[in-house]
Undergrad: 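Here's a structure for you.
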Protein chains: 2
Amino acid sequence: MMSKRQTQQLLAVFDVVNRAHDHPSVEQIHQRVRERMPRVSLGTVYRNLQKLASERRVSLVQIRNRPARYDAVVDAHDHFVCEHCHVVLDLAPSKARLDLQQLEHQGFAVRSHALTFYGQCPNCRGGRKGRQRNSQMTTAPA
Amino acid sequence: MMSKRQTQQLLAVFDVVNRAHDHPSVEQIHQRVRERMPRVSLGTVYRNLQKLASERRVSLVQIRNRPARYDAVVDAHDHFVCEHCHVVLDLAPSKARLDLQQLEHQGFAVRSHALTFYGQCPNCRGGRKGRQRNSQMTTAPA
DNA sequence: TTTTTTGCAAACCATTTGCAATTAG
DNA sequence: CTAATTGCAAATGGTTTGCAAAAAA
């Protein structure tokens with residue numbers, strides 16, 4: 001499903017995801033694209049995000065009970081989702097050691113996996129005034 | 001949010017999930033409950049599943065691009081989702097070693113996590129006639 | 001009796017889709 | 001040109017909700 005045409009809209013969606021460090025939702029991506037191209041429709045953003053994800057140029061991060069988020073980091077990595085402020089943090093390096101080979105030996109063809117931790121982020125855990133956003137960390141804090 | 005009343009509907013939903021070994025969707029649970037209690041509404045099934053999940057008497061399994069599934073196994077375990085037949089398999093023992101402590105030391109309060117592998121199950125990988133359902137395995141096959 | 005839970009239907013929200021108009025190649 | 005892509009709006013699909021009636025405690 002490789003793109004046949006490089007439209008302005010596709011380029012803008014890709015660019016917005018790439019500059020973002022906050023795992024934006026589709027709505028947020030739409031808003032940010034509209035800042036530059038006011039007539040872009042939400043449907044087009046959905047279509048282009050799907051296309052980009054299928055080409056592995058962006059990655060989809062699914063979160064329990066919340067709209068999907070998108071990530072410019074396309075290589076396998078895990079996430080932490082704060083159930084209080086809903087920030088999504090990339091966890092690098094991974095806190096997991098997986099035995100993919102064992103699954104393969106058992107006959108599974110593993111294409112991908114998703115590992116997501118849920119709980120409270122350091123900010124929300126410590127802070128008393130709750131509900132902050134965009135801690136802007138790519139790696140876990142000190 | 002502990003149940004205040006033991007209704008027939010709550011009992012039936014719990015029982016259906018407990019007898020199921022196929023990680024049924026809400027629709028499927030609804031159908032199975034209706035076999036015994038034809039007037040139970042879908043809304044009631046949703047409400048009772050939420051209640052049971054919040055009490056950790058059943059567990060919710062979220063899957064990419066598919067409706068939620070429910071599991072009678074409530075202790076932490078991982079899943080394999082077949083992208084071909086959409087079967088959901090419990091993976092026991094876990095194919096992952098997680099370093100929860102490292103996250104805690106970094107200030108995160110980890111409440112739960114989800115680890116799901118996606119790909120083709122042994123049946124679909126080998127078989128030529130595709131799209132089978134309910135391999136009925138709790139553990140990975142030989 | 002009192003309060004929770006139900007059934008029903010409507011509402012909701014995220015996402016997808018049909019189609020005529022636009023645009024990249 | 002002409003096929004892929006867009007904008008728009010309507011449709012979908014899963015899930016939630018308001019409310020009067022039913023049923024636990």
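A note on names: the letters A, B, ... follow the listed sequences, proteins ahead of strands, and every chain is numbered from 1.
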Undergrad: Rounded to whole Å, please give me the gap between CD in Q31(B) and C1' in dG14(D).
TA: 15 Å
Undergrad: In whole Å, what is the span from the CZ atom of R34(A) to the C1' atom of dC8(D)?
TA: 13 Å
Undergrad: Which is more 5' along DNA chain D, the nucleotide nearest Q8(B) or the one nearest L42(B)? Just name the residue.
TA: L42(B)
Undergrad: Would you kindly compare S41(B) and N65(B) by the position of their nearest DNA chain C nucleotide and give the one closer to the 5′ end?
TA: S41(B)
Undergrad: Hey, does Q6(A) reach any base, or is it just sugar-phosphate, or nothing, if we go heavy atoms under 4.0 Å?
TA: sugar-phosphate
Undergrad: So, D78(A) and H113(B): side-chain donor and acceptor under 3.5 Å apart, yes or no?
TA: no
Undergrad: Please check this pair: side chain of S59(A) against backbone of V73(A), looking for a donor-acceptor N/O pair closer than 3.5 Å.
TA: yes
Undergrad: With nearest nucleotides of DNA chain D determined for Q9(B) and G43(A) from heavy-atom distances, which residue corresponds to the more 5′ nucleotide?
TA: G43(A)
Undergrad: The criterion is salt bridge (Lys or Arg N to Asp or Glu O under 4.0 Å); which residues satisfy it with R36(B), sequence neighbours excluded?
TA: D15(B)
Undergrad: At under 4.0 Å, does any side-chain N or O of T44(B) touch on OP1 or OP2 of dG7(C)?
TA: yes
Undergrad: Nearest whole Å is fine: how far is dG14(D) P from I29(B) CD1?
TA: 14 Å
Undergrad: So does K51(A) get a side-chain nitrogen or oxygen closer than 4.0 Å to the phosphate oxygens (OP1/OP2) of dA4(D)?
TA: no
Undergrad: Please report whether the ring centroid of F108(B) lies less than 6.0 Å from that of F117(A).
TA: no
Undergrad: Tell me: CG of L11(A) to P of dT23(C), nearest whole Å?
TA: 16 Å
Undergrad: Heavy atoms under 4.0 Å, any strand shown: does R39(A) hit a base, just sugar-phosphate, or nothing?
TA: sugar-phosphate
Undergrad: Just to confirm, is there a sub-4.0 Å distance from OP1 or OP2 of dT6(D) to any side-chain nitrogen or oxygen of T7(A)?
TA: yes
Undergrad: Quick one: R5(B) CZ to dA25(D) P, roughly how many Å, whole number?
TA: 7 Å
Undergrad: Any side-chain heavy atom of L60(A) within less than 4.5 Å of one from Y70(A)?
TA: yes
Undergrad: Atom CD of Q50(B) to atom P of dT5(C): distance rounded to whole Å?
TA: 13 Å
Undergrad: Is the base of dG7(D) touched by the side chain of R47(A) through a donor-acceptor pair closer than 3.5 angstrom?
TA: yes
Undergrad: Round to the nearest Å and state the distance from Y46(B) atom OH to dC12(C) atom P.
TA: 18 Å
Undergrad: How many whole angstroms separate atom CZ of R64(A) from atom P of dA14(C)?
TA: 18 Å
